[in-house]
Structures are given as structure tokens and as C-alpha cells.
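These values consider heavy atoms only, across backbone and side chains, with no hydrogens, waters or symmetry-generated copies. Note that ligands are numbered from 1 as they come in the structure, with each ligand's atoms numbered from 1 the same way.
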Amino acid sequence: MLGRIWISLGAFVLVSAATRAGALSAELWSDRSKSPDTRARSAVAAMTFEEKLSLLHGQLALPFLGKMMPAGVIPAAGFVPGVPRLGIPSLTETDASLGVVNPGGIRPGDTATALPSSLALASSFDPALAYRAGVLLGREAHSKGFDVLLGGGINLARDPRNGRNFEYLGEDPLLAGLLAGEQIRGAQDQHVVSTIKHFAINANETNRMTLDARIDPEAARESDLLAFQVAIERGRPGAVMCSYNLVNGSYACANDWLLNQVLKRDWKYPGWIMSDWGAVHAATDAIHGLDQESGEQLDREVYFDAPLRQAVASQSVPAKRIDDMVFRILRSLFEVGVVDDPPKLSSIDVTQGAAVALTEEEEGAVLLKNEGQLLPLHDALRRIAVIGGHAQIGVLSGGGSSQVTPSNGQPIKLPIGGQGFMAEFRAAVYFPSSPMKAIQSAAGKAEILYDNGDFPADAAALAARADVALVFVTRHEMEGYDVPNLKLPNGQDELVEAVAAANPRTVVVLETGNPVAMPWLDRVGAVIAAWYPGQEGGPALANILFGKVNPSGRLPMSLLIDEAQAVRPRLPNHGSEPDARVSIDYTEGSNIGYRWYGAHNVKLRFPFGYGLSYTRFQYSNLKINPGAIPSVSLDVENAGARAGADVPQIYLTSLAGAACERLIAFQRIEMQPGEKRRVTFSLDLRFLGHFNSSAHRFIVPPGRYQISAGHSSQDLELQGSFLMRRTTI
Ligand code: BGC
């Protein structure tokens, strides 16, 4: 089917006579041996003004307000017509944060690998896995006819109620930056442009279109923007998607500071900035750095069509800016290989995809508690009670534009409803990967009993008759909505209390898009944070529960006892009218998450970086090799009886004499029982310094720096220090 609707990219049609290439010959942009810059420059020179303008705005490629898409367009998130006479392909854009999206099932029968939530990827602390996930996303997008992938979500978790945290990579700029960079690199190696999004400070969903995110600019450079900076250096994404919200009073997609000064001037970003869908407010946004309007039907006007033409005619937008905008798009298309290796329709490799989804959940689930070694479960159990979470049918996924139609069977959708234009699309989607069935096949002869958990008394009675009770609890979270608090909905806390009272051998599996409060923690035996576990969630969780896989996930976000501990105890702007202008002062600045909790001596339920294993790891012999760029090394030993993976973490605890807490290095390592290994960490000096706005640089002040190595941000066992000269980066 897709064969018919795909607009052929075709071979190059070199109509040099029709071009206005001047001295530049047509061969330049078709010549693979030339640099992306040269090719893009020559193509721009050959284009008419109308051709240029048509590349600068794109549609939501879905029927919208009764209007159908032009024939031949793949129904998906976006479409920008190309310039066929020059061989410039159309941009066919798909959401693909967690898998290639088929929005609302508009492409009948088209499925994709549905990966776990990005929080699971972040919990793996595994850049190599992020690269593998990126390759998978890129490959599947390419084989479905897409050349632009709207992924790379990297907004730092400033609020544990943000409805989109499940799409992002946690609260730390180094972790998020390295993983996003690797994922983008993996995707683009398949010749599909990846975005990085949403630029920037898009940390809450409540009133996201009118929210003014206020933050000290230097603090932003040391946190949210540093995450983008690291990821952009590593992954070289072809496009950056600017966000809906305002930042310090200006819309992010018209924010001169963010787009022109930080991204294009300071970081020398060569790619293009595309808007989020419905995030453009004027043709003159082009002067402030925006290069392309996306999802134009969602804006009040198609600003980058007639209004932009008018703005150029009246010289309120310089004509050379139009060339720059087009150049940036084309340059990325040449650099990533979209022009030379256009998408080829083929079926996806379902088995290969499933393997990545399985590994991601196996590495990403975090074992939070395991009293008396309740886990792993052993074969001799006679009766296992499985309770709640629709565990008999599947695992929950997060909602919104990242929602994937999984490749392993029909998902189950429970409509949610509500107000507004998104209401009819709101649904809690369960992927058909039943933990109960996977537990049944891992459990051998044990009898599996199931109760849906609606009546805690029934569930407790069942649990009392079992050797162990496995309670699955869920909380649906989605784009466009923050959750009001850290609680589990629908009486699930009471359910866990009742089950634990009936059987202390209770294991709780959390399927949530953020960490949640666990008022019952002291009464249960074990807890696993599974996040949204993806389409292979059932088997992945069974493998962990029964010890086929040794858990190795580490928390990418601090886990609070309750919201009273949060920087903002109440969800900001909760209950505002949807179009009301609102704001949040992110007063914590660069001290997001553990950095803030550490500075305020908040005793967390579980700290950032924390996670248990079925084995034990010991650290010794910390050494610092001082120098212009210091490096750190230590011995790691697997002191237990099982193979497993560990993530030793290095934190900066004093910056030229000033106390702080910053993750400055980490490494995930697989180790055999008894194995001892020396691990060396190299440091990125920006994480040792402060950003200085007048110098446009990071400055590492002279003085003594203290570091600690440990198992989490609040379990630091080895200390060391070194001297630094003043350094600017
Ligand atoms: C989301 C983006 C997404 C776009 C296209 C927007 O509402 O914020 O993340 O890529 O829609 O679907």
C-alpha cells in the first residue's frame, strides 16, 4: 500500500537550463564527493524563490478539519513537498521517539517495534544500547518511506509530574545528553534525519502552548541546554525542533536568545530549526532563528507561505535569510544521506526489533527493593498470585504523539475522554505482552492465580493462598497533560496495602511514566520500577522476576517520598483555563533533581543513580590523574555469585571549594562473578565549570575539586580531589 502513496524521490533530473545556478553547475549538488555545504549551496542557487518558500513550511500529513491530504502523501506527522526537478526529496516526517508511529491507525495494518519508555533507556545508563535503539528507529522509519524522524526528546525532568517525562531521559544533563546523542547518531546512520526536541525548557505540559518557562540563562546553559549541547555534538541531528512554550517571555520558536545566539552562534549548529506542530506565531519568527514551520494547519495562518513572501517583499525579513533557511535544510539532507540513499519500502524485521525492545526493558527496569532476597523467584513455588494492572492482557504504554502500534499483536485501547480537541484521541493503550502469561511460562509447574485488583479484599484473599503475590500497578501519563500528584490512581495504593497485609511476600511492579510515591513501601518485599515496558514487557519482566536476567537499571530521576519534597510541592498552574497565559519560575536553576535535593538535604525515598542487583559490586582504589583534562579510575569488583551489570558513578562534590553535586562520569559494565576490573572515566570540563554569559563560555575556576565515586547520588563511598587551573571552554 505504501508503495502507491510514496512520492518517488526519483533520480536526479538535472535541468540546468531551467536553473539559475549561475556559475555553479548542477553537478555540484548531485556529486557525492562534494561536501554537504557545497552541495547545499549549489542547490539553493538553482532554486526559484517559490521553490525555496515551499521547503519552509510543511503540513500535518493527516486529514484535518475535513481537509484531506494530497494524493501520494504518506499519512503521518508531517510532509514538506520537495523540488523534484532538482532531485530534492519531499520531507516525509514521522514521530518516532519510542517507535515509528502510525497515528490513530491511519495506515491500516502498519505496525512498528514499540520500545519501552525513554526513561527505561535512561535507566540503562547504556549509550551503546541507545545507539542500537536509534539504528532500529532509523531502519524502521526508512523502510516505511520516511526520511525525517521526530525523535530525540531530551527535556530534563524538572517536575516529576510532567506528563511527557516518559518520552525523555531523566533529570541529568550528562546522562540525557550522551544517550540522546547516541540514539540520534544511530538513527541518522540509517540515512534518516533525526530531530532533537523540544528546544527548550519544555518541562511541564499544563498549558504548554501559553506557558512562560522562566529561568536564569546561565543556569539553563549548565543544565537543559547543556544536555542539548552534548547530544548535538555527539549525534549531529539534522534538525532541532523548538517547543511550544515561551522561555523568559518569548516563544521558544521565536526566541532570538535560544535560536540565534545559543544554537546558531555559540554552538555553530549547521542544521535547521523546525517548529513544533502549531508553535509558530509570525512570519518574522524567521528573523529570530526559526527555519521551518511544521504542521501549518495548526497555526493561525501559514506564516511561512504568503506572510513570509510579503515580509521579504517589505524587507522585514531579509531575502538572504530565506537562502540560509533553505541551505540549512538541504545541508542536513545531504549530510545525513537522505538525498543519496532515499527510503526504500520494505517490511520491518520484527524479530530484530523485538530483541531491542526486550533488551531495553531488561536493562532499564530498576529493582528498588528486595528484602530477604525475595527475588529472584525460585522454581519450587507452588502458587503465584498475579494481581492488577491488566497483567492478564499486557503492559501499559504512555500516550500522545509517541504512541506506537506494536508489531506483536493487537493493542487494547481504553478510551479516556475529557475536554478539548485531543479528548477523542486520549486512550490508555496496553501492548499485548501479558506479564501473567510470561510468568506462567517462566514458572514451570506453579499454579498462577489472577485477580484484577478491583476489590482489594478479593485480591488479598487470593494473595493469602499463594506463596508469593505479584501486584502490577499502572498510571497512564501522556503528552498534553501533567499528572496532579505522585499517587497511583484508582485505589491502587489501597490494593497494595491489602495484598501486603495478607502476604508479606508481595512484589510490586510499577508501570508508570514517572517515579511515584509508595506509601506502602515498608510493607512489601520487593519493588520493580518497570516504567512503560514496551511491547516485550511481559517476557522482560518475567526474566527479571525469575532471575534469567539480573536487574541493572539505575534511577534516572530522584524518587521522592511525596510531593511535599518537590521544588514546587503543588503542580504549577493546575486547573488553569487551557488558553490562559501562565508561567513557572524554575528557581532551582541548574540544580535539577538530585542536585537540588542534595543541596537542601532532602532525604529521598530512592536517589538518582540507585538500583539493586542480584549480585554486589564493590569499589576501591580511586585514583585521579590530574592535568588539563583530569581522568579518574577505580577498581570495580563483582563480589557476588552472579554475573551482572553495574554502573559506577563519579560525582563532583566541590567545585573550587563550593559544595555541589554533579554527575560527571559513569560507565555501565558487565561483570562475571568474582571479576575485578579497573575502570577509567574521562571528564568533560564543562561539567566542572560555570557558564559565563559575557564570555559565552564555560569557565572552570582555579582551585581544589573534590569528587566521589559511588553507587548513587546519595551512596558515595570513595573520595578524591585534584587542583585545576582556570580553564575556559
Ligand atoms: C509534539 C511533538 C511531535 C509533533 C508531531 C507535537 O504535538 O509536541 O513532539 O513531534 O506533535 O506529531
Side-chain angles (χ1 to χ4, degrees), residues 57-64 69 73-80 91-107 112 117-118 137 141 144 146-155 162-169 180 183-184 187 192-211 213 228 237-247 251-253 272-281 290 292-299 398-405 420-426 477-482 513 578:
H57 57 98
Q59 311 173 39
L60 169 72
L62 294 172
F64 186 71
M69 286 303 298
V73 172
I74 307 178
F79 177 76
V80 183
L91 305 189
T92 50
E93 301 170 331
T94 179
D95 276 301
S97 296
L98 311 175
V100 177
V101 173
N102 176 358
I106 184 109
R107 305 189 301 272
S117 58
S118 294
L137 296 171
K144 290 175 188 293
F146 296 105
D147 53 25
V148 179
L149 184 162
L150 310 172
I154 192 184
N155 297 90
N162 177 22
R164 275 190 111 167
N165 279 347
F166 77 90
E167 285 186 61
Y168 305 144
L169 294 157
Q183 181 160 338
I184 292 163
V192 173
V193 165
S194 173
T195 60
I196 185 167
K197 68 187 187 185
H198 307 88
F199 198 67
I201 329 287
N202 185 183
N204 281 87
E205 288 294 289
T206 305
N207 287 29
R208 62 177 175 168
M209 315 293 269
T210 50
L211 169 66
F228 273 96
V240 171
M241 187 193 292
C242 50
S243 55
Y244 289 123
N245 54 291
L246 300 90
V247 178
Y251 280 109
C253 287
W272 90 93
I273 301 171
M274 68 163 76
S275 74
D276 202 339
W277 272 231
V280 184
H281 300 89
L290 182 66
Q292 190 184 54
E293 177 179 16
S294 314
E296 62 191 27
Q297 306 96 310
L298 302 174
D299 288 325
S401 58
S402 66
Q403 180 82 64
V404 180
T405 308
F421 121 90
M422 282 305 286
E424 78 174 278
F425 305 106
R426 282 179 88 183
E477 299 176 45
M478 73 176 288
E479 179 179 340
Y481 305 85
D482 292 325

query = Going by distance only, is there an N or O of W277 that falls short of 3.5 Å from an N or O of ligand 1?
reply =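 For ligand 1, there is no N or O atom that lies under 3.5 Å from one belonging to W277.
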request  = State the atoms of ligand 1, each with its element, that fall below the 4.0 Å cut-off from a heavy-atom position in Y244.
outcome  =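 Answer for ligand 1: 6 (C), 7 (O), 8 (O).
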message = With heavy-atom distances below 4.0 Å as the criterion, list the atoms of ligand 1 near K197.
response =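 Going through ligand 1 atom by atom, the ones under 4.0 Å from K197 are 2 (C), 3 (C), 9 (O), 10 (O).
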query = When you measure from the side chain of D147 to the backbone N and O of T92, does any donor-acceptor pair fall under 3.5 Å?
reply =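 Yes, because the side chain of D147 sits within donor-acceptor range (under 3.5 Å) of the backbone of T92.
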key: Passing option when R164 is tested against S401, S97, S118 for side-chain contact (heavy atoms from CB on, under 4.5 Å)   =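 Option passing the side-chain contact (heavy atoms from CB on, under 4.5 Å) with R164: S401.
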Taking the non-hydrogen atoms of [X], is any one of them nearer than 4.0 angstrom to ligand 1?
{"X": "R208", "answer": "yes"}
{"X": "M209", "answer": "no"}
{"X": "E479", "answer": "yes"}

query = If you measure from each non-hydrogen atom of M274 to ligand 1, which part falls under 4.0 Å: side chain, backbone, both or neither?
reply =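 Within the 4.0 Å criterion, M274 makes no contact with ligand 1.
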task = Among all protein heavy atoms, pick out the one at the shortest distance from atom 6 (C) of ligand 1; state its residue, atom name and that distance to 0.1 Å.
result =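 Of the protein heavy atoms, D276 OD1, 2.9 Å lies nearest.
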ask   = atom 3 (C) of ligand 1: which protein heavy atom is closest, and how many Å away?
value =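 Protein heavy atom at minimum distance: D95 OD1, 3.2 Å.
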task = Verify side chain to side chain contact (heavy atoms under 4.5 Å, CB included) between L290 and Y251, making sure each step is shown before the conclusion.
result = CA-CA 11 Å; L290 182 66; Y251 280 109; over 6 Å; no
key: Side-chain donor-acceptor contact under 3.5 Å, T206 with N204   =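 Looking only at side-chain atoms, N204 and T206 do not form any donor-acceptor pair under 3.5 Å.
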